[in-house]
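Take a look at the structure set out below.
Residue numbers run from 1 in the order of the sequence given. Just so it is clear, the values below take in all heavy atoms, side chains as well, and ignore hydrogens, waters and symmetry mates. Keep in mind that this is a model prediction, so the values were computed, not measured.
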Amino acid sequence: MGHSATAENGSLAGGTAHAARIYDYILGGKDHYPADQEAGDAMCREWPALPIHMRANHDWMNRAVRWLAEEAGVRQFLDIGTGVPTSPNIHEIAQATASDSRVVYVDNDPLVLALSQGLLNSTPEGRTSYAEADMRDPQSILGSPAFRDTLDLGEPVALTVVAIVHFLLDEHDAVGIVRRLLEPLPSGSHLAMSIGTAEFAPEEVGRVAREYAARDMPMRLRTFAEAEEFFEGLELVAPGIVQVHKWRPDGREGEAIRDEDIAMYGAVARKP
């Protein structure tokens with residue numbers, strides 16, 4: 001259902017399905033294995049709207065990053081759970097607005113690392129870097145050379161956590177992880193998150209979650225109230241926490257999207 005599973009163990013053997021590669025397959029990418037295709041097909045049988053939902057999440061990420069670069073003036077991004085590169089990537093969107101934008105990508109799937117060249121083709125004025133780290137260990141991210149050498153903590157940073165926290169279970173304390181990643185970022189930084197939910201199509205999304213769980217990728221889908229917890233103490237940007245297709249739509253979506261076809265909340269908030 002998501003962008004990537006930084007919280008999962010990737011395998012280059014390709015014998016096991018992996019969330020980042022399932023996402024790539026369903027979005028029409030090329031970087032996946034037969035196991036991912038089998039998993040994606042099974043999930044789409046359970047919920048035929050899954051490709052619509054995944055595309056809407058990816059489109060939301062593009063709009064959120066564009067807003068952060070154009071409207072909020074953010075020039076630095078920390079992307080957690082990057083996943084398989086699907087153009088346009090965050091640095092491409094940000095650097096199209098401001099060529100000096102800097103991006104740190106974080107994932108722990110070896111396939112993402114192998115494909116990371118696509119994430120590192122920065123403009124000469126800007127910079128991109130890649131940290132192989134697990135989001136369940138925030139310190140491994142904050143202590144990485146990629147983070148320390150690329151981002152200037154004297155200036156605002158946008159922390160992007162896209163379609164990943166549903167792979168963090170209660171014992172992982174997803175809210176605590178996000179807070180620890182936000183902690184060193186200065187005032188004026190932003191949090192952009194999309195958060196998996198089953199509130200709009202409980203049966204269908206529940207069946208998809210069971211398909212993931214059957215492949216050792218258990219999910220924790222969240223209610224609106226649980227999504228709100230991630231943004232406590234931050235200033236939500238209008239329209240607040242809404243389904244991703246309702247967050248500042250720009251008319252590029254094409255056909256109208258039904259609410260029951262989207263299982264993701266999206267929001268952007270500013271750190272005071």
Short question: side chain of Arg148, backbone of Gly143 - any donor-acceptor pair under 3.5 Å? yes

Any heavy-atom pair between the side chains of Phe224 and Glu199 that's under 4.5 Å? yes

Atom NE2 of His18 and atom OH of Tyr23: how far apart are they, to the nearest 0.5 Å? 14.0 Å

Would you check, one step at a time, whether the test salt bridge (Lys or Arg N to Asp or Glu O under 4.0 Å) holds for Asp170 with Arg220? CA-CA 7 Å; Asp170 288 345; Arg220 172 68 166 83; 2.7 Å; yes

Is Arg215 salt-bridged to Glu38, going by a charged N under 4.0 Å from an acidic O? yes

Please tell me if the side chains of Ser116 and Pro85 come closer than 4.5 Å, counting only heavy atoms from C-beta onward. no

In terms of heavy-atom contacts, does CD of Glu203 have more than 12 from other residues, nucleotides or ligands at under 6.0 Å? no

Please determine whether salt bridge (Lys or Arg N to Asp or Glu O under 4.0 Å) holds for the pair Arg66 and Glu71, giving the CA-CA distance in whole Å, both sets of side-chain angles, and the decisive distance to 0.1 Å. CA-CA 8 Å; Arg66 199 175 299 118; Glu71 305 295 327; over 6 Å; no

Does the side chain of Leu142 reach to within under 4.5 Å of the side chain of Pro184, using non-hydrogen atoms? yes

Backbone N/O of Ala174 and side chain of His172: donor-acceptor pair under 3.5 Å: no

Determine, step by step, whether Asp259 and Lys246 satisfy the side-chain contact (heavy atoms from CB on, under 4.5 Å) criterion, reporting the C-alpha distance in whole Å, the side-chain angles of both residues, the deciding distance to 0.1 Å, and the verdict. CA-CA 9 Å; Asp259 292 358; Lys246 294 181 171 179; 2.9 Å; yes

Could you tell me the separation between the CD1 atom of Ile195 and the CZ atom of Phe230, rounded to the nearest 0.5 Å? 5.0 Å

Phe200 and Tyr265: ring-ring contact (aromatic ring centres under 6.0 Å, His included), yes or no, with the steps? CA-CA 10 Å; Phe200 300 93; Tyr265 286 118; 5.7 Å; yes

Could you measure the distance from the CD atom of Gln243 to the CG atom of Asn57? Nearest 0.5 Å is fine. 12.0 Å

Looking at Ala198, is its backbone amide N or carbonyl O close enough to the side chain of Arg222 to form a donor-acceptor pair, meaning the two atoms are under 3.5 Å apart? no

Before giving the answer on side-chain contact (heavy atoms from CB on, under 4.5 Å), spell out for Asp36 and Asp24 the whole-Å C-alpha distance, their side-chain angles and the decisive distance to 0.1 Å. CA-CA 9 Å; Asp36 308 304; Asp24 176 74; over 6 Å; no

Check against side-chain contact (heavy atoms from CB on, under 4.5 Å), Ser194 and Trp60: CA-CA 9 Å; Ser194 61; Trp60 167 83; 3.7 Å; yes

Report yes if some heavy atom in the side chain of Leu111 is under 4.5 Å from a heavy atom in the side chain of Tyr33; otherwise report no. yes

Here the pair of heavy atoms bringing Ala269 nearest to Leu234 is CB-CB, 3.7 Å

What is the ring orientation for Trp67 with Trp247, classed by angle as parallel under 30°, tilted 30 to 60°, or perpendicular over 60°? perpendicular

Donor-acceptor check, side chain of Tyr25 to backbone of Ala39, threshold 3.5 angstrom: yes or no? no

Residues that Pro156 engages under side chain to side chain contact (heavy atoms under 4.5 Å, CB included), provided they are two or more places apart: Ser189

Could you walk me through whether Glu183 and Arg179 pass the salt bridge (Lys or Arg N to Asp or Glu O under 4.0 Å) check? CA-CA 6 Å; Glu183 208 171 340; Arg179 289 206 177 126; over 6 Å; no

Indicate the atoms forming the closest heavy-atom contact of Met217 with Ala19, along with that distance. SD-N, 3.4 Å

Pairwise side-chain contact, Arg55 with Ile26, heavy-atom cut-off 4.5 Å (strictly under): no

Would you say Leu68 and Val268 make side-chain contact, with heavy atoms under 4.5 Å? yes

Nearest non-hydrogen partners of Asn108 and Ala133, listed with the distance: CB-O, 3.3 Å

Are the side chain of Arg102 and the backbone of Gly126 linked by a donor-acceptor contact shorter than 3.5 Å? no

Pair Phe77-His91, side-chain contact (heavy atoms from CB on, under 4.5 Å): steps then yes or no: CA-CA 8 Å; Phe77 296 81; His91 72 281; over 6 Å; no

Do you know which two heavy atoms are closest between Gly196 and Met264, and how far apart they sit? N-SD, 3.3 Å

Between Arg75 (side chain) and Ala69 (backbone), is there a donor-acceptor pair under 3.5 Å? yes

Is a side-chain donor or acceptor of Gln76 paired with a backbone partner of Asp152 at a separation under 3.5 angstrom? yes

If we ignore hydrogens and angles and just use 3.5 Å, is the side chain of Thr223 paired with the main-chain N or O of Glu226 as donor and acceptor? yes

Approximate separation, where rounding is to 0.5 Å, of Arg136 CZ and Ile177 CD1: 8.0 Å

Check whether Val165 and Leu169 end up in the same hydrophobic cluster, where Ile, Leu, Val, Met, Phe, Trp and Tyr are linked by side-chain heavy atoms less than 4.5 Å apart. no

Measure the shortest side-chain to side-chain distance between Leu159 and Leu182 over non-hydrogen atoms and say whether it is less than 4.5 angstrom. yes

For Val84 and Val112, which heavy atoms make the closest approach, and how far apart are they? N-CG2, 3.8 Å

Any donor and acceptor pair, going by atom type alone, linking the side chain of Arg270 with main-chain N or O of Val237 inside 3.5 Å? no

Closest approach of Ala201 to Glu260 (non-hydrogen atoms, all atoms of both residues): CB-O, 3.4 Å

Does Ala98 offer a backbone N or O that forms a donor-acceptor pair with the side chain of Ser101 under 3.5 Å? yes

Just verifying a value: how many Å separate Glu211 CD and Arg45 CZ, rounded to the nearest 0.5 Å? 7.5 Å

Nearest-0.5 Å distance, CG of residue Asp261 to CD1 of residue Ile52: 4.5 Å

Are side-chain heavy atoms of Glu92 and Asn62 found at a separation under 4.5 Å? no

Who passes salt bridge (Lys or Arg N to Asp or Glu O under 4.0 Å) against Asp137, sequence neighbours left out? none

Do Thr82 and Asp107 pair up side chain to side chain, a donor and an acceptor below 3.5 Å, judged on atom types alone? no

Any chance you could lay out the salt bridge (Lys or Arg N to Asp or Glu O under 4.0 Å) test for Asp149 and Arg127, step after step, and finish with the verdict? CA-CA 10 Å; Asp149 299 347; Arg127 185 163 175 196; 5.0 Å; no

